[in-house]
Protein chains: 2
Amino acid sequence: MEELLKKYRKKGFKLTPQRIAILKYLEGNTSHPTAENIYMAIKEKNPTVSFSTVYNTVESLKERGEILEITIDPERKHYDPNLNPHNHIVCTVCNRIGDVFADYSGVMNLPPDVLEEFTVTGSHVDFYGVCGECRD
Amino acid sequence: MEELLKKYRKKGFKLTPQRIAILKYLEGNTSHPTAENIYMAIKEKNPTVSFSTVYNTVESLKERGEILEITIDPERKHYDPNLNPHNHIVCTVCNRIGDVFADYSGVMNLPPDVLEEFTVTGSHVDFYGVCGECRD
DNA sequence: TTGGCTGCAAAATATTTGCAGAACA
DNA sequence: TGTTCTGCAAATATTTTGCAGCCAA
């Protein structure tokens with residue numbers, strides 16, 4: 001845990017109690033939380049934390065490349081602290097997001113007309129489905 | 001053009017002047033417009049159209065499977081009248097969305113743990129890049 | 001005729017921002 | 001000590017909704 005804080009201190013990321021709560025919540029978190037999820041989870045132990053601080057902090061972490069913004073749910077942004085290349089599957093009923101660890105790097109072959117118009121920097125493969133809990 | 005209206009009439013989709021304007025604007029449109037784009041484009045010739053009507057109509061068209069909602073831009077929803085299987089590439093500078101016509105159906109191979117937890121219904125491959133105009 | 005659509009306005013939801021005070025480095 | 005962060009509140013942006021009147025079928 002101290003490892004985590006040391007890492008951010010070293011990078012010049014100012015550590016306030018609110019930020020520490022956010023970082024601890026995100027560390028190893030695979031639930032792909034929204035800003036509201038983070039806010040709710042943190043509020044329990046840190047009642048004074050504000051929504052602005054959560055938004056400001058995730059924005060800051062996103063800019064520093066410490067977390068990823070996931071654009072798979074049209075209703076709101078989700079965040080993912082797992083920087084290892086992986087993909088996502090979203091339940092079309094409850095919007096829960098799961099991880100998919102598989103290599104789809106082969107899909108980088110693009111038609112010439114696209115390569116002419118765009119300098120391609122990356123790709124995402126997203127999956128859609130229905131999760132076990134929603135199958136009933 | 002009359003083909004277009006006939007098609008919707010046949011499906012029991014009530015055709016008002018506002019809806020006709022929206023359908024004509026979307027027909028063959030490859031610009032992946034947002035609700036605002038549609039509203040702005042239509043307002044010129046149809047000054048009384050309201051934002052609600054645009055939202056209601058695209059929602060209705062989406063439910064009927066006549067257009068697709070694109071979730072590639074975290075800031076807003078885009079719509080695509082092209083129902084043929086294809087993918088998208090988004091410019092990370094100006095958010096412009098381009099079409100990618102290529103077959104990536106091979107990516108449907110998912111790890112067993114995911115297949116156990118989800119009934120997979122589909123996949124999307126999205127690309128990120130910088131478009132010609134933003135390269136300067 | 002009538003059920004569905006429109007437009008207005010208001011509400012709901014998500015996110016951003018200005019600013020004065022607080023606090024980390 | 002100074003720069004950055006926090007919290008509040010207000011602003012902004014996107015989308016949805018209630019409802020009275022309208023109109024396509």
Side-chain angles (χ1 to χ4, degrees), chain A residues 2 4-25 32-40 42-43 45-64 66-67 69-79 95 97, chain B residues 2 4-25 32-43 45-64 66-79 95 97:
Chain A
E2 278 313 312
L4 176 69
L5 303 185
K6 198 182 293 178
K7 166 183 147 191
Y8 282 103
R9 226 186 300 270
K10 207 177 295 178
K11 293 185 178 184
F13 188 73
K14 190 173 279 189
L15 290 175
T16 63
Q18 296 85 348
R19 287 180 161 203
I20 291 172
I22 294 171
L23 291 173
K24 285 187 178 175
Y25 175 71
H32 313 92
T34 63
E36 187 179 15
N37 295 149
I38 298 171
Y39 173 69
M40 290 306 196
I42 286 173
K43 220 175 40 175
K45 295 203 173 176
N46 215 327
T48 80
V49 74
S50 74
F51 238 119
S52 324
T53 297
V54 173
Y55 273 110
N56 288 336
T57 302
V58 295
E59 179 64 23
S60 196
L61 290 171
K62 192 182 73 177
E63 277 175 5
R64 286 161 173 267
E66 302 290 350
I67 62 175
E69 185 178 287
I70 302 176
T71 309
I72 197 175
D73 173 2
E75 304 318 320
R76 68 205 106 245
K77 296 172 186 168
H78 293 249
Y79 297 93
N95 285 343
I97 299 171
Chain B
E2 278 313 310
L4 176 69
L5 303 186
K6 198 182 294 177
K7 165 183 147 191
Y8 282 103
R9 227 185 301 268
K10 206 176 297 178
K11 294 185 178 183
F13 189 73
K14 190 172 277 189
L15 290 174
T16 63
Q18 296 85 347
R19 287 181 160 203
I20 292 171
I22 293 172
L23 292 172
K24 285 187 177 176
Y25 175 71
H32 312 91
T34 63
E36 187 180 15
N37 295 150
I38 298 171
Y39 173 69
M40 290 304 194
I42 286 173
K43 219 175 42 174
K45 296 202 172 178
N46 215 326
T48 82
V49 74
S50 74
F51 238 119
S52 324
T53 297
V54 174
Y55 274 110
N56 288 336
T57 302
V58 295
E59 180 62 23
S60 195
L61 290 171
K62 192 182 73 179
E63 277 175 5
R64 287 161 172 267
E66 302 291 350
I67 62 175
L68 294 172
E69 185 178 288
I70 303 175
T71 309
I72 196 174
D73 173 2
E75 303 318 321
R76 69 205 104 246
K77 295 172 184 166
H78 293 251
Y79 296 94
N95 284 343
I97 299 171

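From a predicted model like this one, the values you see are computed outputs, not experimental measurements. Each chain gets a letter, A, B and so on, in the order its sequence line appears, and its residues count up from 1.
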Exercise. Is there a donor-acceptor pair closer than 3.5 Å between any side-chain N or O of A/N56 and the backbone N or O of A/S52?
Worked result: yes
Problem set entry | Side chain of A/S52 - closest among D/dA25, D/dT17, D/dC8 | D/dC8
Seminar exercise, completed: To the nearest angstrom, the CG-C1' distance between B/L61 and C/dG4 comes to 15 Å
For this session: Please state how far atom OH in A/Y39 lies from atom C1' in D/dG7, giving the value in whole angstrom units.
Result: 10 Å
Exercise. Between B/R19 and B/F13, is NZ or CZ placed under 6.0 angstrom from the six-membered ring centre and within 45° of the ring axis?
Worked result: yes
Output one line per pair: protein atom, nucleotide atom from nucleotides 1-6 of chain D, and distance, for all N/O pairs under 3.5 Å.
| unit_1 | atom_1 | unit_2 | atom_2 | d |
| --- | --- | --- | --- | --- |
| D/dT3 | O2 | A/K14 | NZ | 3.2 |
| D/dT4 | O4' | A/K14 | NZ | 3.2 |
| D/dC5 | OP1 | A/R19 | NH1 | 3.0 |
| D/dC5 | OP1 | A/R19 | NH2 | 3.0 |
| D/dT6 | OP1 | A/T16 | OG1 | 2.6 |
| D/dT6 | O3' | A/Q18 | NE2 | 2.8 |

Exercise. With distance as the sole criterion, is a donor-acceptor pair present between the side chains of B/T34 and B/N37 under 3.5 Å?
Worked result: yes
Exercise. Within this structure, what is the CZ-to-P distance between A/R9 and C/dA25, rounded to whole angstrom?
Worked result: 6 Å
Problem set entry | Euclidean distance, atom NZ of residue B/K43 to atom C1' of C/dT6 [Å, nearest integer] | 16 Å
Exercise. Atom OH of B/Y55 to atom C1' of C/dC5: distance rounded to whole Å?
Worked result: 18 Å
For this session: Please state how far atom CG in A/N37 lies from atom P in C/dT15, giving the value in whole angstrom units.
Result: 11 Å
Exercise. Quick one: are A/K77 and B/E75 in side-chain contact, heavy atoms under 4.5 Å?
Worked result: yes
For this session: Using atom CD of B/E75 as one end and atom C1' of C/dT13 as the other, report the distance to the nearest whole Å.
Result: 15 Å
Problem set entry | Residue mapping more 5' on DNA chain C - nearest nucleotide basis, B/F51 or A/T34 | B/F51
For this session: Round to the nearest Å and state the distance from A/K77 atom NZ to D/dT15 atom C1'.
Result: 15 Å
Exercise. For residues B/T53 and B/S50, is any side-chain donor paired with an opposing acceptor at under 3.5 Å?
Worked result: yes
Exercise. Are B/D73 and A/T71 close enough that some pair of their side-chain heavy atoms sits under 4.5 Å apart?
Worked result: no
